There are 2 protein chains.
Amino acid sequence: MRRQPERAPTRRTTLADVAAAAGVSRALASIVMRGAEGAGEVTRRRVLEVARELGYRPDSRARLLRSSRTRLLGVTFTLSEPFHGEVVESIYAAAEAAGFDVVLSAVGTHRPESRAVESLLDAGVEAALMISPSSAPHELAGYARQVPVVSLLSPTSAEGVDVVRSDDGAGVRAAVEHLVSLGHRNIVHIDGAGAVAADERTAAYRTAMQEYGLAADIRVLHGGAHEEDGLRAAGKLVAGSIPDAVVAFNDRCALGVLEAVRRAGLNVPEDLSVAGYDDSQLSRLSHVQLTSVSQDAPRLAAAAVACAAARLASEEPTGLVHQPQLVVRNTTGPAPARV
Amino acid sequence: MRRQPERAPTRRTTLADVAAAAGVSRALASIVMRGAEGAGEVTRRRVLEVARELGYRPDSRARLLRSSRTRLLGVTFTLSEPFHGEVVESIYAAAEAAGFDVVLSAVGTHRPESRAVESLLDAGVEAALMISPSSAPHELAGYARQVPVVSLLSPTSAEGVDVVRSDDGAGVRAAVEHLVSLGHRNIVHIDGAGAVAADERTAAYRTAMQEYGLAADIRVLHGGAHEEDGLRAAGKLVAGSIPDAVVAFNDRCALGVLEAVRRAGLNVPEDLSVAGYDDSQLSRLSHVQLTSVSQDAPRLAAAAVACAAARLASEEPTGLVHQPQLVVRNTTGPAPARV
DNA sequence: ATGAAAGCGCTAACAG
DNA sequence: CTGTTAGCGCTTTCAT
């Protein structure tokens with residue numbers, strides 16, 4: 001498999017090594033390495049040259065320990081949620097632009113959110129961005145007493161916690177509006193069944209329906225956040241009287257709905273329109289092309305980073321609530337002419 | 001939004017605080033906190049009590065900097081790959097059991113693998129587990145000169161790099177074997193088109209077909225690792241003479257194939273059987289139920305952690321290659337009776 | 001522009 | 001069993 005390696009007995013090069021080789025003090029070498037001002041041009045060049053030759057890499061532990069500002073942003077996210085991944089990816093970009101480093105901490109079956117955040121705090125992050133936090137308000141408040149905490153995506157808040165999210169109400173309204181404009185009236189909502197943000201979306205559905213004079217057509221089915229949930233809920237639906245359209249809690253749920261509809265031998269969008277929520281990669285797949293409400297991960301990520309930065313600078317954050325945008329694809333179309 | 005918080009001006013409690021409050025030396029408090037031996041029962045209790053009261057949490061930066069062994073395991077993974085997430089989740093479990101902490105470093109559009117690994121090294125990880133590494137062999141070898149490196153999933157290796165993976169050849173063979181036993185002969189392979197591990201799977205397909213005397217039926221289509229790729233490849237396929245079965249490079253590709261087949265008005269598995277690879281959550285979805293080759297994330301993760309641990313203990317790692325298992329679900333069935 | 005000295009919070013020898 | 005003494009590798013005053 002692998003030949004016996006001569007595990008380098010060579011200690012990692014330290015700043016002291018570089019300083020010695022360049023004939024300067026450690027302090028000066030430090031200045032050069034972190035690009036601070038206060039070093040002569042020639043010295044700077046020489047030190048950098050030596051550092052490169054020696055393959056010097058600053059030890060982040062030591063650097064973090066010593067410096068007052070770690071410029072570290074902690075992020076908690078759920079591994080099994082594709083959309084979280086999209087947000088995390090955008091956070092990397094936004095953080096880099098703002099001069100922060102990112103520390104990831106995953107939430108999973110074997111790892112409760114509490115442990116995830118605590119490890120971030122122990123690592124010395126200056127602020128924590130929590131994607132769809134599931135902790136209780138008093139726990140969140142506890143974290144927020146230690147560092148600025150930003151809750152992303154979910155409306156969950158607590159004392160001292162900033163919330164960056166898109167206006168779910170507006171998103172659902174946009175979906176309903178779109179369907180109504182296509183002539184649909186009998187629009188069913190399959191809810192998130194207790195999932196984070198589910199209540200707000202359901203409420204928005206009700207309000208929108210009422211505003212369009214469709215109060216009598218309001219119908220909410222118990223769904224959930226996953227494909228199975230949508231499949232189950234829609235399975236019942238198509239067994240009865242078929243509606244014009246379905247607004248699902250999220251994309252994964254909508255995918256389940258699509259499947260149920262298909263199995264019933266119906267066509268989308270000819271017989272039934274379906275809208276999702278998240279504009280996730282799933283929805284964009286060429287064979288899916290799901291009409292969905294976009295939460296715009298890059299913008300949310302940028303807003304979250306900006307929010308944390310503002311708090312750290314003792315400023316008031318702005319732009320916390322974003323207007324989601326409906327992305328119309330192929331799963332919604334004109335209402336069928338019913339009898 | 002958020003009421004003006006009184007951002008705790010209270011410095012985080014340090015070990016010195018605990019020691020002082022408990023009336024012992026820092027060293028002794030340290031012994032107690034890390035559960036080392038060499039402290040009296042009464043003292044131990046008192047220190048722990050005080051620590052709890054003060055809400056003390058060890059600063060991982062300081063601890064890491066000072067201690068010879070960080071017991072840190074670094075992991076690089078790709079955010080947009082669901083299967084990577086499954087493996088990472090299992091790594092957390094395995095690492096904890098082995099007494100290691102995990103540091104995550106994501107690879108993404110804005111973050112090349114080189115940066116991901118380097119940040120791990122800077123953080124002081126004792127070993128790096130790289131999931132489907134994409135770095136060139138000489139780069140991998142470079143990392144391996146600094147810490148033990150384990151390449152997970154992909155057969156990519158390099159001087160000094162251990163590879164933990166499942167035997168892809170055996171996996172593909174199992175899929176072909178299964179299909180042959182169902183009476184299929186005209187079995188097409190849609191390949192990974194240059195994706196990591198693609199060549200090995202394709203080679204195994206060819207070998208297996210030959211062994212079953214189906215050399216004449218060998219047919220490899222240019223596919224890829226994503227849904228789109230499978231859709232495109234299978235689209236061409238169904239436009240021509242339809243085969244008995246398809247063995248796709250992975251689950252995502254297989255999903256695309258399923259869609260193309262569906263669009264052509266064919267039924268799975270009645271008209272055509274489809275097998276994937278990964279046994280990912282996608283394949284397990286109730287509306288998919290894809291027959292797939294399981295790479296068994298938990299076992300691979302455990303093996304990778306064990307491998308790293310062995311290297312750190314200067315032992316030879318074992319159990320690097322795993323036998324994958326075919327999970328038969330609903331997308332494969334008896335061969336259709338063709339004319 | 002450069003260097004000397006101090007110390008971040010902790011662990012690891014050693015001495016008592 | 002407990003305390004003392006040194007640092008880990010780096011940044012940060014504060015002199016020069």
Side-chain angles (χ1 to χ4, degrees), chain A residues 10-48 50-51 54-72 99 101 119 121-126 146, chain B residues 10-48 50-51 54-72 99 101 119 121-126 146:
Chain A
T10 32
R11 211 182 70 274
R12 205 177 150 151
T13 352
T14 83
L15 186 60
D17 299 331
V18 176
V24 296
S25 71
R26 278 157 40 206
L28 193 47
S30 170
I31 288 178
V32 174
M33 288 320 294
R34 79 198 121 97
E37 61 183 39
E41 190 49 36
V42 268
T43 322
R44 163 157 274 134
R45 246 187 249 292
R46 181 156 38 91
V47 172
L48 285 175
V50 170
L54 267 49
Y56 170 70
R57 301 227 80 214
D59 183 311
S60 67
R61 295 166 293 176
R63 171 175 278 188
L64 261 35
L65 176 58
R66 179 56 203 183
S67 42
S68 38
R69 301 216 45 187
T70 63
R71 300 223 59 108
L72 240 42
D101 268 331
S119 83
L121 296 176
D122 296 346
V125 298
E126 291 189 15
Q146 307 178 54
Chain B
T10 31
R11 212 184 68 273
R12 205 176 151 151
T13 25
T14 81
L15 187 60
D17 300 331
V18 176
V24 297
S25 72
R26 277 159 38 203
L28 193 47
S30 170
I31 288 177
V32 173
M33 289 319 295
R34 80 198 120 100
E37 59 183 39
E41 190 50 35
V42 269
T43 323
R44 162 157 273 134
R45 245 188 252 291
R46 183 155 38 90
V47 172
L48 286 175
V50 171
L54 267 49
Y56 169 70
R57 302 225 80 213
D59 183 311
S60 67
R61 295 166 292 176
R63 172 175 278 189
L64 260 36
L65 176 58
R66 180 57 215 198
S67 41
S68 39
R69 301 215 43 186
T70 63
R71 300 222 61 106
L72 241 41
D101 268 331
S119 83
L121 297 176
D122 296 345
V125 299
E126 291 189 15
Q146 306 177 54

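Naming: A, B, ... by sequence-line order, numbering from 1 per chain. Remember, it's a predicted structure, so these values are computed and weren't measured experimentally. Below, all heavy atoms of this structure are taken into account, side chains as well, without hydrogens, waters or symmetry copies.
Dashed line: the shortest gap from a side-chain N or O of Thr14(B) to OP1 or OP2 of dG9(C) is not under 4.0 Å.
For DNA chain D, the span of nucleotides reached by chain B at under 4.0 Å from its heavy atoms goes, 5' to 3', from dC1(D) to dG9(D).
Per the geometry, CZ belonging to Arg61(B) stands 13 Å off P belonging to dT11(C), to the nearest Å. Following rounding to the nearest Å, Glu37(B) (CD) and dT11(C) (P) show an atom-to-atom distance of 16 Å. Whole-Å rounding puts the Ile31(A) CD1 to dT2(C) P distance at 9 Å.
Distance CG/Leu64(A) to CG/Leu65(B): 10.5 Å, rounded to 0.5 Å. Atom CZ in Arg12(B) sits 6.5 Å away from atom CD in Gln146(A) (nearest 0.5 Å). Once rounded to the nearest 0.5 Å, the distance linking OG of Ser60(A) with CG of Asp101(A) reads 8.5 Å. In this structure, OG1 on Thr14(B) lies 4.0 Å from CG on Asp17(B), to the nearest 0.5 angstrom. Atom CG in Leu28(B) sits 9.0 Å away from atom CZ in Arg44(B) (nearest 0.5 Å).
In this structure, Glu37(A) has no side chain to side chain contact (heavy atoms under 4.5 Å, CB included) partners at least two apart in sequence or on a different chain. For Arg66(B), the side chain to side chain contact (heavy atoms under 4.5 Å, CB included) criterion is met by no residue, not counting sequence neighbours.
For the pair Leu121(B)/Arg57(A), no side-chain contact is recorded, criterion being any heavy-atom separation below 4.5 Å from C-beta on. You'll find the side chain of Asp122(B) stays beyond 4.5 Å of the side chain of Arg61(A), heavy atoms only.
Between Val24(B) and Leu65(B), the residue anchored nearer the 5' end of DNA chain D, judged by the nucleotide with its closest heavy atom, is Val24(B).
Pairs passing the salt bridge (Lys or Arg N to Asp or Glu O under 4.0 Å) check and including a residue from residues 20-33 of chain A, sequence neighbours excluded, do not occur.
Heavy atoms of other residues, nucleotides or ligands lying less than 6.0 angstrom from CZ of Arg45(B) number 12 at most.
Using a 4.0 Å cut-off on heavy atoms, none of the residues of residues 38-45 of chain A approach DNA chain D.
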Dump every N/O contact between nucleotides 12-16 of chain C and the protein below 3.5 Å, one line per pair.
{"unit_1": "dA12(C)", "atom_1": "OP2", "unit_2": "Arg34(B)", "atom_2": "NH1", "d": "3.1"}

